[in-house]
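Heads up, the thing below is written out as C-alpha cells.
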Amino acid sequence: MTHNLMRITNHESRITDAARGPSPQSPVPSLAVEIAGIKFVHPVLAAPGPLGFGREVQSVVDLHSFAGFITKSVTLDPRSGHPYPQVVPTAGGWLNSQGLPNHGLAGFLTKDLPYLRTLGIPLIVSIAGESVREFVTLAEWLSQEEGVAAVELNVSCPNVDRGLVFGVDPQLTRELVAAVRAVCRYPLFVKLTPNVTDIVPIARAAEEAGADALSLVNTLVGLAVDVHTRRAKLGAGTGGLSGPAIRPIAVRMVWEVARHCDTPVIGMGGIATAEDALEFLIAGARAVAVGSAVIDRPSVATEIRAGLVRYLQEHHVDDVAEVIGSLEVR
Ligand SMILES: Cc1cc2nc3c(=O)[nH]c(=O)nc-3n(C[C@H](O)[C@H](O)[C@H](O)COP(=O)(O)O)c2cc1C
C-alpha cells in the first residue's frame, strides 16, 4: 500500500508539469515489466484465444510485436469445438462460443509447442480441464517440457464432478490452484472469470493457494438473438462477450483485485489502444493482454506500445512502473 501511495505521489508530481509535452531530448522511457520472475520487454501480451497457437496467424500477425504469448487453452483430449457460428459481432464487441477447439495435449506438445518455442518471447501455456485431475495431468506433462515461461489455469470451465464453473467458487478455485501448484514447476497464472458477484474472494483464494499472477478478465456470458429465425445467433446458444463493451467492467475488476491482492495482475478486456491499456495499468495491472482487437487490427500491439512510449514522454515519466497502480478515486 505504501508503495502504491509513493507511486501516486510520484505520478502526481510528474503529471503537474506534463502539459508542456515531451522535450526534444525526452529519454526513451522503460516499458519493461516483470511478473513472477518473467521479464517482459513491454507490458502488452497476446491474450489466449483469438491468436490460437500462433502458427495459424503467423502470416498476418507479427507475433513478436507482443511481449509474451498466452496460448489458447489446451485440454487433455482433442476438441473439435462447438457448432458454427462460433463468433458473432455485437455492438462494441464480439460474442463467441468456440468450445475450446484444440489438438489436445499430445497434439500441442508435438505440433504447437515446437513452433511457439521458436518465437523467443515468454510463452504462457493456458490449460483447461473438467476436473482437478485433468488440470493436474496437464501441468505435470508441461512441467517436463522446456521453453515454457508459465502455465495459466483457465478456471472458466465447468467442473464435471461438482456441476459448477471452477472460477465462480472460492473453495473450488483454491483446491484447483493448490493441486496444480503442487505439481507445476513453472510459475502459475490464474485466469479469472468476471461472471461472479464479487471477484475479490476468488482472487484471494487463488493467491492463497499459490497463484503467481492473476489474469483478468475472461469473457462475460451473453446471448444474441436472431429475431427473424428466433434462434440464438451462436451455434452453441450462449457465448462469451469480449471487446470494448466489457472494458469498464474489466478495469473495475482489475482495480478491485489489485487493491486487495499482492499478486501481480494482468488486465484484459476490450483493449484496442494505448489509452485503453493505460486505464488497466493505472488501475493496478502490471501488464495487459489484447484479444479481440487483433481480429480487426493485426498491428494493434505495435500501435499500443508506441502509444505508451508517447504517453510516458508527454508526462515526463521514465518508467512505466510509475503509472502502475496510480489511480486516484475521488
Ligand atoms: C475467439 C476467442 C477465443 C478465446 N479463447 C480463450 C481461451 O481459449 N482461453 C482463455 O482463457 N480465454 C479465451 N478467450 C478470452 C480472451 O483471452 C480474453 O480474456 C477476453 O476475450 C477479453 O479480452 P478482449 O476483449 O481483448 O478479447 C477467448 C476470446 C475470444 C474472443
Side-chain angles (χ1 to χ4, degrees), residues 44-54 56-57 61 66 68-75 78-79 81-82 84-104 108 112 124-129 135 138 150-158 165-167 188-195 199 206 213-222 224 234-236 238-254 265-273 276-277 279-280 285 287-298 300-301 304:
V44 187
L45 319 183
L51 295 178
F53 296 96
E56 314 85 303
V57 297
V61 180
F66 294 95
F69 187 90
I70 313 176
T71 68
K72 188 160 183 56
S73 301
V74 180
T75 53
R79 288 172 64 104
H82 286 160
Y84 286 84
Q86 293 182 340
V87 183
V88 295
T90 67
W94 290 265
L95 202 60
N96 91 82
S97 182
Q98 292 192 313
L100 300 182
N102 74 100
H103 298 124
F108 175 76
D112 300 309
I124 296 110
V125 181
S126 167
I127 59 175
F135 274 101
L138 285 156
V151 169
E152 178 168 283
L153 305 183
N154 177 355
V155 299
S156 296
C157 338
V165 169
F166 283 97
L188 203 54
F189 293 9
V190 179
K191 168 87 171 277
L192 302 178
T193 171
N195 299 305
I199 200 163
L214 300 168
S215 294
L216 60 148
V217 295
N218 211 318
T219 53
L220 279 119
V221 179
L234 284 175
T238 59
L241 184 64
S242 63
I246 71 168
R247 195 172 56 246
I249 300 170
V251 173
R252 186 261 298 173
M253 288 188 162
V254 162
V265 170
I266 301 168
M268 72 201 80
I271 296 177
T273 66
D276 301 340
E279 281 196 63
F280 282 88
V288 296
V290 180
S292 309
V294 189
I295 300 170
D296 283 341
R297 287 196 0 255
V300 65
I304 293 176

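Counting convention: from 1, in listed order, for ligands and their atoms alike.
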Handout entry: Any N or O of Q98 closer than 3.5 Å to N or O of ligand 1
Key = no

Handout entry: Selected option - heavy-atom contact closest to atom 29 (C) of ligand 1, from N96, L241, L216, I70
Key = N96

Exercise for the section: Go through the steps to decide whether S242 and N96 satisfy the test side chain to side chain donor-acceptor pair (under 3.5 Å), and finish with yes or no. Expected result: CA-CA 8 Å; S242 63; N96 91 82; 4.9 Å; no

Exercise for the section: Go through ligand 1 atom by atom and flag the ones less than 4.0 Å from a non-hydrogen atom of G270. Expected result: 24 (P), 25 (O), 26 (O)

Fill in the blank from the handout: re atom 20 (C) of ligand 1, the protein heavy-atom contact at minimum distance is T219 CG2, 3.8 Å

Handout entry: Considering all heavy atoms, the nearest I295-P50 contact
Key = CG1-CB, 4.3 Å

Practice task
Flag the pair V288 / I266 as yes when at least one side-chain heavy-atom distance between them is below 4.5 Å, and no otherwise.
Solution key: no

Fill in the blank from the handout: For atom 4 (C) of ligand 1, the closest protein heavy atom turns out to be G49 CA, 3.4 Å

Exercise for the section: Nearest 0.5 Å please: distance from the CG atom of L188 over to the CD atom of E152. Expected result: 9.0 Å

Completion exercise
The closest protein heavy-atom partner of atom 15 (C) of ligand 1 is N218 OD1, 3.4 Å

Practice task
Enumerate the atoms of ligand 1 whose separation from the nearest heavy atom of G269 is less than 4.0 angstrom.
Solution key: 22 (C), 23 (O), 25 (O)

Fill in the blank from the handout: Rounding to 0.5 Å, atoms CZ (F135) and CG (N154) come to a distance of 6.5 Å

Exercise for the section: Calculate, to the nearest 0.5 Å, the distance between atoms CE and OG1 belonging to M253 and T193 respectively. Expected result: 8.0 Å

Practice task
Going by heavy-atom distance to atom 7 (C) of ligand 1, choose the closest among G243, S73, G52.
Solution key: S73

Exercise for the section: Ignoring angles and geometry beyond distance, decide whether M268 reaches within less than 3.5 Å of ligand 1 through its nitrogen or oxygen atoms. Expected result: no

Exercise for the section: Could you tell me if any non-hydrogen atom of V217 lies under 4.0 Å from any atom of ligand 1? Expected result: yes

Handout entry: Nearest-0.5 Å distance that lies between atom OG in S126 and atom CG in N218
Key = 8.5 Å

Completion exercise
Heavy-atom closest pair (A301 atom, F66 atom, distance to 0.1 Å) is CB-CE2, 3.6 Å

Handout entry: From the candidates S97, P48, A250, the one that places a heavy atom nearest atom 6 (C) of ligand 1
Key = P48

Exercise for the section: Distance to 0.1 Å, residue and atom name: give those for the protein heavy atom nearest to atom 21 (O) of ligand 1. Expected result: S242 CB, 3.3 Å

Problem - Shortest protein contact, atom 10 (C) of ligand 1 (heavy atom only) - result: K191 NZ, 3.4 Å

Handout entry: Nearest-0.5 Å distance that lies between atom CD1 in I249 and atom CG in L216
Key = 12.5 Å

Exercise for the section: Just jot down the ligand 1 atoms closer than 4.0 angstrom to any heavy atom of G291, in number order. Expected result: 26 (O), 27 (O)

Handout entry: Distance, nearest 0.5 Å, that separates CG of N195 from OG1 of T219
Key = 6.5 Å

Exercise for the section: Kindly identify the option in A293, S126, S292 whose heavy atom sits closest to atom 27 (O) of ligand 1. Expected result: S292

Problem - Interfacing atoms of ligand 1 (cut-off 4.0 Å, heavy-atom, A47) - result: 17 (O)

